[in-house]
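Everything below concerns the one structure shown next.
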2 protein chains.
Amino acid sequence: MDVRGHLDLLLLAVLADGGPVHGYALIAALRDRSDGMFDLPEGTVYPALHRLEREGLVVSHWEPAVPRRRRVYALTSDGRQARVAKQVEWRSFVSGVQSVLGPAAGPVPA
Amino acid sequence: MDVRGHLDLLLLAVLADGGPVHGYALIAALRDRSDGMFDLPEGTVYPALHRLEREGLVVSHWEPAVPRRRRVYALTSDGRQARVAKQVEWRSFVSGVQSVLGPAAGPVPA
DNA sequence: GTCCATACCTAGGCAACCTAGGTATAGCCG
DNA sequence: CGGCTATACCTAGGTTGCCTAGGTATGGAC
C-alpha cells in the first residue's frame, strides 16, 4: 500500500516519537509500527529525507562507522511544528472523507 | 484539499448513497457532504467518471433536455462491490496511519 | 441582450511516489 | 577463503493520478 500523499507526516511522526534514527531503521520502524502495511522502498524514503532536510524540517549527520557508516536524522523545531500541522491536516482529511462516506461509516475519533 | 488517491471511493460513495446523479450535481454533493473540503474541479471528476464507466463500475445515460441535457450516472453491481472494497481499504489505511501516529493519536472508530 | 450559472468535455502539465539499478561493507557458513 | 545475504546508502527516470486551462453550449435573470 502506498502512502497517498501522507509520506511526510509518517516520516516526521516516527522521527518525533522514536528519536533520531537512520534511513534504513526508519523504514523498518514504519513497517513495524504499521504492522507491515507501510513497507516503503528506499527509493521513496531517501529522497524524501533529503527533501525534508532541504526544507529545514530535519537535520542529519554522519555517524562514524560503528559498525557501519550511517546517516542519522533528527527533527528540527520547524520539523516538530510541521509534524503537528500535518497531523491536524490529516485529522481534518479523515473527518472530511468520513462525512462523505456517511454516518454509517462511523464517527471520527477524539 | 485534494483527494490523495481516494477519488474513486468518494465518487462511488456519493453514487451509492445519493442514487443516480449527473456530474455537476455530484461535484456539488461532494462539496456539501464534505463541508466544503472537497470542491473538485470538473477536470478531475468528468474524466474519473469516464474511467469508472470504462471499468464497468458505473453506467450512464443521457437525460432528455429537461431543463438541460445531462449525463446521469448510476452504480452497477460491480460498482457497489468496489465501493465496499474501497471502503474496507480506506479503513485499513486510516488504521495503519493511526498506528504509526501512535496511541496518543486516538483509536480508530468502529 | 448580456451575464452568470449550469452542464458537459479534453489535452497536456505537474507532483509524488516507485522501479530499477547502482555502490560498499559486515557477518555468516562451509 | 569465498560466496551469499543483510545492512546501508544513493539517484535517474518512469508511472500514476489529479489538476490547470481551455473549450462548447444552453437556460434564466435583470
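We name chains A, B, ... by the order of the sequence lines, and we start the count at 1 in each one.
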Report summary line: Per nearest nucleotide of DNA chain D, the residue lying toward the 5' end, Pro47(B) or Glu42(B), is Pro47(B)
Query raised in the report: Nearest of dC10(D), dC18(D), dC9(C) to any side-chain atom of Tyr73(B)?
Result: dC9(C)
Report summary line: Interatomic distance, CG@Leu101(A) vs NZ@Lys86(B), rounded to 0.5 Å, equals 12.5 Å
Query raised in the report: Among the nucleotides dC19(D), dC9(C), dC10(D), which one has an atom lying closest to any side-chain atom of Arg71(B)?
Result: dC9(C)
Report task. Could you please name the option among dT7(D), dA7(C), dC10(D) that lies closest to any side-chain atom of Tyr46(B)? Result -> dA7(C)
Report task. State whether Arg70(B) places a side-chain N or O below 4.0 Å from either non-bridging phosphate oxygen (OP1 or OP2) of dA7(C). Result -> yes
Requested in this report: Using side-chain contact (heavy atoms from CB on, under 4.5 Å) as the criterion, point out the one residue from Asp17(A), Leu11(A), Val88(A) that pairs with Arg83(A).
Outcome: Asp17(A)
Query raised in the report: Rounding to a whole Å, what distance do you find between Leu49(B):CG and dA7(C):C1'?
Result: 13 Å
**Report entry** Rounded distance (Å) that lies between atom C1' of dT26(D) and atom CH2 of Trp62(B)
**Finding:** 13 Å
Report task. Could you please name the option among dC18(D), dA26(C), dA7(C) that lies closest to any side-chain atom of Arg68(A)? Result -> dA26(C)
Query raised in the report: Name the one of His22(B), His50(B), Glu53(B) that satisfies side-chain hydrogen bond (donor to acceptor under 3.5 Å, both in side chains) with Ser60(B)?
Result: Glu53(B)
Query raised in the report: For Asp39(B), does the CG atom have more than 12 heavy-atom neighbours from other residues, nucleotides or ligands under 6.0 Å away?
Result: yes
Requested in this report: Hey, which sits more toward the 5' end of DNA chain C by its nearest nucleotide, Pro67(A) or His6(A)?
Outcome: His6(A)
Query raised in the report: How close or far is atom C1' of dT15(D) from atom CZ of Arg4(A), stated in whole angstroms?
Result: 15 Å
Report task. Give the rounded distance in Å between these two atoms: CD of Glu53(A) and P of dC9(D). Result -> 13 Å
Report task. Starting at atom CG of Asp39(A), determine the distance to atom P of dT19(C), rounded to an integer number of angstrom. Result -> 11 Å
Query raised in the report: Whole-Å distance between dC19(D) P and Met1(B) CE?
Result: 12 Å
Requested in this report: Please work out whether the ring planes of Phe93(A) and His6(A) are parallel, tilted or perpendicular, with thresholds of 30° and 60°.
Outcome: tilted
Query raised in the report: Rounded to whole angstroms, how far apart are CZ on Arg69(B) and P on dC8(C)?
Result: 8 Å
Query - Residue Arg51(A), side-chain atoms from C-beta onward, closest of dC17(C), dC18(D), dC9(D) - result: dC17(C)
Requested in this report: Can you figure out which of dC18(C), dC18(D), dC8(C) approaches the side chain of Val3(B) most closely?
Outcome: dC18(D)
Query - Given dA8(D), dT11(D), dA7(C), the nucleotide with the shortest approach to the side chain of His50(A) - result: dT11(D)
Query raised in the report: Nearest-Å distance, CG (Leu26(A)) to P (dT7(D))?
Result: 15 Å
Report task. With heavy atoms under 4.0 Å as the rule, sort Gly23(A) into base, sugar-phosphate or nothing. Result -> sugar-phosphate
